[in-house]
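Atoms within a ligand are numbered from 1 in the order they appear, just like the ligands themselves.
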Amino acid sequence: MEYRIQAIGRIHSCYREKFGIPRQPGLVKSAKGAVELLPLCDREEMFRELDTFSHIWLQFLFHEAVADGWRPTVRPPWLGGQKRVGLYASRSPHRPNFLGLSVVRYHGLRKEKGKLFLDISELDLLDGTPVFDIKPYVPYSDSIREASSGFVQFSEKKIVVRFTPEAEASCLQYLQQTGRELKPLIQEILGQDPRPASQRGRKREYGMLLWDRNVRWLAEESSFTVLSVRECG
Ligand code: SAH
């Protein structure tokens, strides 16, 4: 069976590459973005009353996973990257149809230069992600108190994140220039430990792109140090 569907929107996100994006929405509160509505669905009336909801579901395409294909079993990071589980017992982006599902905080509709945007935060989505559907999150049926969460166990353990004076000054300057709060964003992302399970415990330097900045940081045993935050091309 084959059906044709069309993207209704496109994500604008602080996340410019896959590395650094949290494993689920809601984990990094400072992550900000928007859904730009494409001509098929850029009519304000389609969103009437949506602002009475605090959160929305987004259904989207893991467009940057398509080229890598998929396998029937995967090694979820929750299990230290060791054990394999069935693809459908995971939230892996690499799946037939490459469809993703995220609940994000909704901040309202914005019109800019003739385009419509839905402002969102707490997202786990790459910049440019195609969006296929939007629905309100309704706690009375979407939140299940007695649900079991399988092998996914949330850990409160956070990593200590420090900034060099140079990195700290760059964040402050960026805030003054753009109004974007880079420092808490970096702190929250690194606090989740974005490294693949296989690289944990090793001293190594990493880089990640956030907005139009290249963030370099050093991972040591139990702490991370943000070395620099510089403009990227
Ligand atoms: N909440 C979603 C996503 C879980 S996987 C779901 O359960 O379906 C989260 C990972 O998806 C992130 O760590 C990020 O690396 C990856 N990701 C986000 N947007 C993507 C995109 N457009 N293409 C490929 N991978 C993406």
Side-chain angles (χ1 to χ4, degrees), residues 5-38 54-71 73-81 84-106 118 120-137 142-144 147-155 159 185-186 188-200 206-211 215 217 219:
I5 55 172
Q6 204 180 328
I8 60 154
R10 173 174 42 220
I11 294 290
H12 292 252
S13 167
C14 55
Y15 299 117
R16 299 281 305 282
E17 61 178 1
K18 284 185 272 183
F19 182 59
I21 305 183
R23 297 195 182 100
Q24 285 301 333
L27 299 175
V28 173
K29 307 284 176 207
S30 309
K32 300 223 157 49
V35 185
E36 175 191 338
L37 296 155
L38 299 174
S54 62
H55 291 76
I56 53 177
W57 286 108
L58 299 177
Q59 283 175 292
F60 61 90
L61 183 75
F62 287 112
H63 72 307
E64 287 221 357
V66 177
D68 300 331
W70 57 272
R71 294 194 181 153
T73 60
V74 295
R75 283 194 269 247
W78 300 104
L79 296 172
R84 283 196 169 271
V85 304
L87 171 65
Y88 285 122
S90 87
R91 305 292 287 256
S92 168
H94 299 96
R95 52 205 309 125
N97 296 326
F98 301 92
L99 289 176
L101 182 65
S102 290
V103 64
V104 297
R105 191 173 276 275
Y106 176 53
L118 303 179
I120 56 173
S121 65
E122 305 185 19
L123 61 162
D124 58 347
L125 308 168
L126 189 64
D127 193 52
T129 297
V131 174
F132 288 95
D133 207 356
I134 299 166
K135 297 177 188 189
Y137 173 85
D142 292 353
S143 158
I144 303 167
S148 59
S149 67
F151 56 81
V152 180
Q153 297 304 328
F154 182 70
S155 156
I159 288 170
L185 178 61
I186 297 170
E188 285 186 80
I189 293 169
L190 298 191
Q192 300 286 326
D193 195 350
R195 296 172 299 170
S198 59
Q199 289 175 15
R200 301 217 174 123
Y206 293 88
M208 62 180 176
L209 300 179
L210 293 176
W211 298 116
V215 180
W217 48 283

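- Selection from H94, E17, E64, K18 by nearest heavy atom to atom 15 (O) of ligand 1 gives K18.
- Looking at atom 16 (C) of ligand 1, its nearest protein heavy atom turns out to be P93 CG, 4.1 Å.
- Residue contacts with ligand 1 include P22, since one of its heavy atoms falls under 4.0 Å from the ligand.
- At least one side-chain heavy atom of L125 sits less than 4.5 Å from a side-chain heavy atom of F60.
- Side-chain contact check for Y15 versus M208: every heavy-atom pair is 4.5 Å or farther apart.
- If you check which protein heavy atom lies closest to atom 26 (C) of ligand 1, you get F62 CD2, 3.6 Å.
- Side chains of P76 and V85 form a contact here, defined as non-hydrogen atoms less than 4.5 Å apart.
- Where the criterion is an N or O separation shorter than 3.5 Å, residue side chain and backbone included, L126 meets it with respect to ligand 1.
- Judged by distance alone, the side chain of E17 and the main-chain N or O of L209 form a donor-acceptor pair under 3.5 Å.
- Ligand 1 has a nitrogen or oxygen under 3.5 angstrom from a nitrogen or oxygen of I21.
- Closest heavy-atom approach to atom 5 (S) of ligand 1 among the candidates H63, R95, R91: R91.
- Looking at heavy atoms from C-beta onward, I56 lies out of side-chain contact with V103 at the 4.5 angstrom threshold.
- Annotation for ligand 1: atoms under 4.0 Å from non-hydrogen atoms of T129 are 19 (N), 21 (C), 22 (N).
- Contact atoms of ligand 1 toward G100: 8 (O) (distance under 4.0 Å to a heavy atom of the residue).
- Heavy atoms from other residues, nucleotides or ligands lying under 6.0 Å from NZ of K18 number more than 12.
- Residue, atom and distance of the protein heavy atom nearest to atom 2 (C) of ligand 1 are L101 O, 3.2 Å.
- Regarding atom 18 (C) of ligand 1, its nearest protein heavy-atom neighbour is D124 O, 3.3 Å.
- The pair D193-R200 meets the salt-bridge criterion, since a charged nitrogen lies less than 4.0 angstrom from a carboxylate oxygen.
- Using a 4.0 Å cut-off to heavy atoms of P25, the atoms of ligand 1 that qualify are 1 (N).
- With 3.5 Å as the limit, one finds a donor-acceptor pair spanning the side chains of W57 and D142.
- Residues F151 and W78 place their aromatic rings such that the two centres sit no closer than 6.0 Å.
- Annotation for ligand 1: atoms under 4.0 Å from non-hydrogen atoms of Q24 are 1 (N), 2 (C), 4 (C), 7 (O).
- Within ligand 1, counting atoms from 1 as listed, the ones closer than 4.0 Å to a heavy atom of L61 are 22 (N).
- Backbone and side-chain nitrogen or oxygen atoms of R23 are examined, and none is located within less than 3.5 angstrom of a nitrogen or oxygen of ligand 1.
- With respect to R16, the side-chain contact (heavy atoms from CB on, under 4.5 Å) criterion is satisfied by exactly one of D127, L126, I21: D127.
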Show your working on ring pair (Phe, Tyr, Trp, His ring centres under 6.0 Å) between Y106 and Y137 and close with a plain yes or no.
CA-CA 10 Å; Y106 176 53; Y137 173 85; over 10 Å; no

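- Proximity of L99 to ligand 1, defined as any heavy-atom pair under 4.0 Å, is not found for any part of the residue.
- Distances from ligand 1 to the non-hydrogen atoms of I11 include no value under 4.0 Å.
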